[in-house]
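As the structure is a prediction and not an experimental result, all values here were calculated from the model.
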Amino acid sequence: MPIYTLHHQVRRLDEELCGNGRKYSTEDVLFSGRGKRIVLGKLIAEGGEGSVFTAHAASASPLVAKLYHPNQRMRWREQKLRLMCSRPIRSPWREILYDELRRFVGVLMPRADGVPLGAFAFHAELLQKQFPSWTRYDLTRLCLNLSESVHTLHRYGVVLGDLHPGNVMVSPDGSVCWVDADSFQIEDYPCSVGTEQFRAPELHGNFGDFLRTRSHDAYALSVLLFMTLALGLSPFARQGSEEDMLESVGKGVLPYPFASYKPPTGFYPPDTPGRYVWSYLPRKLRDALGHNFTCVQRRDLRPRVIPGYLARCLQQYLRDMEPDGRRDHPIYREILHDRPCPPRNLMEQMIPNICTDCGIRFREAPDDVARRLRQSHAKSLCKLCIRRRSALNQAFRNSTTNH
């Protein structure tokens, strides 16, 4: 039987209860699938499915035990966890836990160290507080690790399904660890939970009623990568209301250009620091992310770009930012600004203006004002609109040359 088995229909789950009706607490003893004695430590958390305890075993690394509530100890859950544990991969799960009569109780896992991605990466101040030495280079390295880990799970037949920032623990070195792994989809065992912001636009209905594909993970991963690089900014966010953004998701309209795509008139990114990040990404990475966001809505028959290709694009981006690379300049490594912040005295001299293209208020240096006044035909444009015009002009020249 191949490692990766594709199914088109959700398995009919065996809802029979297979565990005991006991609730466990600190210092109770359980047994792993190999008969190893496991002692429960302190309670860490408790939710709708079960409780999480620290766990202690002889000569073992720090562990946690997730014990399901008595009404959640079902036959299908044990079967699914057994299938996950059989995969030849260094995985987030380790062994199934049983009581003394070998009745299913829960699962034993390595303890994940780190900080949840959503707790720091989507706000510059939180990021600088949590990891003060990090730059855009480190965020890109984090995105590379995310893409590689999803690609590895896909190779071994696991679809994450509920891929969102709360399920990722990040270490100071940028390595990642996925949590809540028991909800992952494997073969025809569905992932019954999900997060709307990362739900592929072609999916409708209850999450447990259909099987996800690697393409659906690729969409969620692309949204997560963009939001990580842009400090929490959604790829579909634009100037306007939240209803406008939801409409953009459904129609696949981005406020950023890529490949042969040009944003419609009136679609501009919101006035936040993250809006400049897109223009600094390599062309192949922009095209891949943009395609993953919009291909279904635009009826583009080409499949979504897989996480492995996204990882290669991010790897090249990192090489370019290294010394002597094509992007070896501080502006590519800054977190918030597309160029180093000017000194305070220059900030006080900068003159407020309004962009004639997008209507955003911005400030320009006195030298830029003088240069524009000398060129009487020049419009007052913000930096984003200048880059957009430059990109469109370059695309037009390339298309003219190719024909």
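A side-chain donor-acceptor contact under 3.5 Å links T135 and D138. Between the side chains of T294 and D300, no donor-acceptor pair is found at a separation under 3.5 Å. A donor and an acceptor atom, one from each side chain of Q316 and R319, are located under 3.5 Å apart.
Relative ring orientation between F258 and Y261 is described as parallel, the plane-to-plane angle staying below 30° on a 0-90° scale split at 30° and 60°. The aromatic rings of H164 and F198 sit tilted, their planes meeting at an angle between 30° and 60°. Classified by interplanar angle (parallel below 30°, tilted 30° to 60°, perpendicular above 60°), the ring pair W134/F120 is perpendicular.
Side chain of D287 to backbone of A259: a donor-acceptor contact under 3.5 angstrom is found.
More than 12 heavy atoms of other residues, nucleotides or ligands shown are found within 6.0 angstrom of CD on E15. Within a 6.0 Å radius of CG in D324, no more than 12 heavy atoms belonging to other residues, nucleotides or ligands are found. Counted within 6.0 Å of CD on E100, heavy atoms from surrounding residues, nucleotides or ligands total more than 12; the atom is thus considered enclosed.
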Hey, can you pull the donor-acceptor pairs under 3.5 Å for the side chains in residues 39-52, sequence neighbours left out?
| residue | atom | partner | partner atom | Å |
| --- | --- | --- | --- | --- |
| E46 | OE2 | S51 | OG | 3.4 |
| E49 | OE1 | K66 | NZ | 3.0 |

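The side-chain tip of R136 points at the ring of Y280 from less than 6.0 angstrom away and within 45° of straight on. A cation-pi contact links R102 to Y98, judged by a cut-off of 6.0 Å to the six-membered ring centre and 45° from its axis.
When side chains are defined from C-beta on, F31 does not count as touching I38, because their heavy atoms never get closer than 4.5 Å. L231 has its side chain out of reach of F122: every pair of non-hydrogen atoms, C-beta onward, lies at least 4.5 Å apart.
When each of T140, V168, L142 is paired with T228, the side-chain contact (heavy atoms from CB on, under 4.5 Å) condition holds for L142 and for no other.
In this structure, the ring of F226 has its center no less than 6.0 angstrom from the ring center of F236.
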